[in-house]
Amino acid sequence: MPSAPTPATDTPPGADAAGKPKAPSRRFDPHRYGPLIGLGLLLVVGTLLNPDFATWDNWMNVLTRTAFIGIIAIGMGFVIISGGIDLSVGSMAALIAGVMILAMNALAGSLGSPVLVVVVGMLAAVALGGAFGLAHGFLITRGRIEPFIVTLGTLGIFRAVLTWLSDGGAITLDSDLADVYSPVYYGSLLGIQTPVWIFVLVAVAGAVLLNHTPFGRYVQAIGSNELVARYAAVDVDRVKLLTYGLLGACVGIATVLYVPRLGSASPTTGLLWELEAIAAVIVGGTSFKGGEGRVAGTVIGAILLSVISNILNLTSIISVYLNAAVQGCVIIAVAFLQRRRP
């Protein structure tokens, strides 16, 4: 005997049989929480391997050293989310540091006040970084050159110019200026060093910009599908230009914090910073294809990589000279896992 036909229903998608909306899925997302879990496991491992790892002084050392790469990584995150890349940030930081020191030394005699000289130098560094970033954006958007090619070229240009300016050696800040400038790196507030506070401020500003402004939504839309973004009347070229300018400004801020640490710039300054910044962004869960990413994830990624380096330094499990190799392996592993993302 044939079964009775099932009565048709008008239940809308995403609702149960009674027509009520279904509760959102609470399924664990490893791509969102994986970096945080990984950092937590590393903290436990580091503490077990060496009790000195869990001390306040060591943590301040880790976070202070993270600040430079972390600030650059936040700017890099915007670029990667928009579908771009910048391979030149380490060389850019080196050139900014060299030009900044030369300018401050030259102004020391004319401006009179060392504090004013330092302030002018810091502002000039951020402005120069922004200008370099805008130049990248202009070549990419107006010149229609691939970001990889543009920034690969400037990677060599920036470091070569610094090497020429320094005659292959180091450019050193005058001692009087160095004394005035040193609190920017060595100073502290509530027991936390200045670079860490600046890192926190940049991270908060970056999160607000990405998640709560039209600019941030445009960046994500362009990375998801640039053609659709253009059809939606998004000024793609302008957004890309500003994105690279933002990254350049972040490089300038990081350089401002880095220079007083050593008081000099040389052809090796900022070496492999681009690898560390990109690694922090990718490890933090940002898709290398663009369109998806979080500033909080980038911050966690930067800290995670610094913790790995710190554990290697404290325990001597492998040679400290292999730190870059470990970071490279992490990038490849995370990129492989991203390919399996649904």
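- The heavy-atom pair separating S166 from I171 by the smallest distance is CB-CG1, 3.5 Å.
- Residues L95 and L165 are in side-chain contact: their nearest non-hydrogen atoms beyond the backbone lie under 4.5 Å apart.
- With contacts defined as side-chain heavy-atom distances shorter than 4.5 Å, the pair L257/P195 qualifies.
- G137 and L241 make their closest contact through C-CD1, 3.5 Å (heavy atoms, listed as atom of the first residue, atom of the second, distance).
- Crowding of R238 atom CZ: a count of heavy atoms from other residues, nucleotides or ligands under 6.0 Å not exceeding 12.
- Under the ring-ring contact (aromatic ring centres under 6.0 Å, His included) criterion, no residue pair touches residues 88-115, with sequence neighbours excluded.
- Under a 4.5 Å side-chain heavy-atom cut-off, the cluster of Ile, Leu, Val, Met, Phe, Trp and Tyr residues that includes V228 has no other member.
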Mind listing the side-chain donor-acceptor pairs of residues 68-86 below 3.5 Å, one per line with the distance, residues two or more places apart or on another chain?
unit_1 : atom_1 : unit_2 : atom_2 : d
S82    : OG     : F78    : O      : 3.4
S82    : OG     : V79    : O      : 2.7
D86    : OD1    : S88    : N      : 2.8
D86    : OD1    : S88    : OG     : 2.7
D86    : OD2    : H136   : ND1    : 3.3

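- To the nearest 0.5 Å, atoms OG (S91) and CG (L271) are separated by 8.0 Å.
- Partners of T268 under the side-chain hydrogen bond (donor to acceptor under 3.5 Å, both in side chains) rule, at least two apart in sequence or in another chain, are S266.
- Rounded to the nearest 0.5 Å, atoms CG (L134) and CZ (F132) are 11.5 Å apart.
- Between E276 and R65, no side-chain nitrogen of the basic residue sits less than 4.0 Å from a carboxylate oxygen of the acidic one, so the salt-bridge criterion is not met.
- You'll find the side chain of L43 reaches within 4.5 Å of the side chain of W59, heavy atoms only.
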>> Go through it in stages, so that I can follow the logic: the residues are F53 and V45, the test is side chain to side chain contact (heavy atoms under 4.5 Å, CB included), and I'd like the CA-CA distance, side-chain angles, deciding distance and then a yes or no.
In response: CA-CA 10 Å; F53 173 80; V45 170; over 6 Å; no
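- Between L177 and A108 the shortest heavy-atom distance is CD1-CB, 4.0 Å.
- The shortest heavy-atom contact between E274 and G90 is OE1-N, 3.0 Å.
- To the nearest 0.5 Å, the span separating CG on L87 from OG1 on T154 amounts to 8.0 Å.
- The shortest non-hydrogen separation linking W197 to L189 is NE1-O, 3.0 Å.
- A donor-acceptor contact shorter than 3.5 Å links the side chain of T298 to the backbone of R294.
- Partners of S224 under the side-chain hydrogen bond (donor to acceptor under 3.5 Å, both in side chains) rule, at least two apart in sequence or in another chain, do not exist in this structure.
- Side-chain contact check for R230 versus V234: every heavy-atom pair is 4.5 Å or farther apart.
- For V299 against F199, the heavy-atom pair with the smallest separation is CG1-CZ, 3.9 Å.
- Without hydrogens or angle criteria, N105 side chain to D174 main chain gives a donor-acceptor distance under 3.5 Å.
- Counting only residues at least two apart or on different chains, the salt bridge (charged side-chain N to carboxylate O under 4.0 Å, His left out) pairs with a member in residues 144-165 are R144-D237.
- Sorted by first and then second residue, the side chain to side chain donor-acceptor pair (under 3.5 Å) pairs with a member in residues 114-131 form an empty list; sequence neighbours excluded.
- The distance from atom CG of N310 to atom CG of L305, rounded to the nearest 0.5 Å, is 12.5 Å.
- Rounded to the nearest 0.5 Å, atoms CG (L128) and OG1 (T255) are 9.0 Å apart.
- Here the side chains of V219 and V239 are in contact, with some heavy-atom distance below 4.5 Å.
- Formation of a donor-acceptor pair under 3.5 Å by the N211 side chain with backbone atoms of A207 is found in this model.
- Considering only heavy atoms from C-beta on, V118 comes within 4.5 Å of M104 through its side chain.
- Rounding to the nearest 0.5 angstrom, the gap separating the CD1 atom in I145 from the OG1 atom in T151 is 11.0 Å.
- At distances below 3.5 Å, not a single donor-acceptor pair connects side-chain atoms of W273 with backbone N or O atoms of A93.
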> For L246 and L242, what are the C-alpha separation, side-chain angles and deciding distance, and is it a side chain to side chain contact (heavy atoms under 4.5 Å, CB included)?
Replying inline: CA-CA 6 Å; L246 175 64; L242 293 176; over 6 Å; no
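- In terms of the side-chain hydrogen bond (donor to acceptor under 3.5 Å, both in side chains) criterion, residue partners of S306 (sequence neighbours excluded) are, by chain and number, T66.
- Within the structure, no pair that satisfies the ring-ring contact (aromatic ring centres under 6.0 Å, His included) test touches residues 201-245, not counting sequence neighbours.
- Residue pairs that meet the ring-ring contact (aromatic ring centres under 6.0 Å, His included) test with at least one member in residues 95-131, sequence neighbours left out, do not exist here.
- Each side chain to side chain donor-acceptor pair (under 3.5 Å) pair with one or both residues in residues 44-53, not counting sequence neighbours, would appear here, but there are none.
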Under 3.5 Å, side-chain donor or acceptor atoms of residues 181-188 against the rest of the protein: list the pairs with distances, not counting sequence neighbours.
unit_1 : atom_1 : unit_2 : atom_2 : d
Y181   : OH     : V256   : O      : 2.6
S182   : OG     : D179   : O      : 3.0
Y186   : OH     : R261   : O      : 3.0

> Would L314 and N58 satisfy side chain to side chain contact (heavy atoms under 4.5 Å, CB included), going step by step from the backbone distance to the final call?
Replying inline: CA-CA 10 Å; L314 290 176; N58 182 63; 4.0 Å; yes
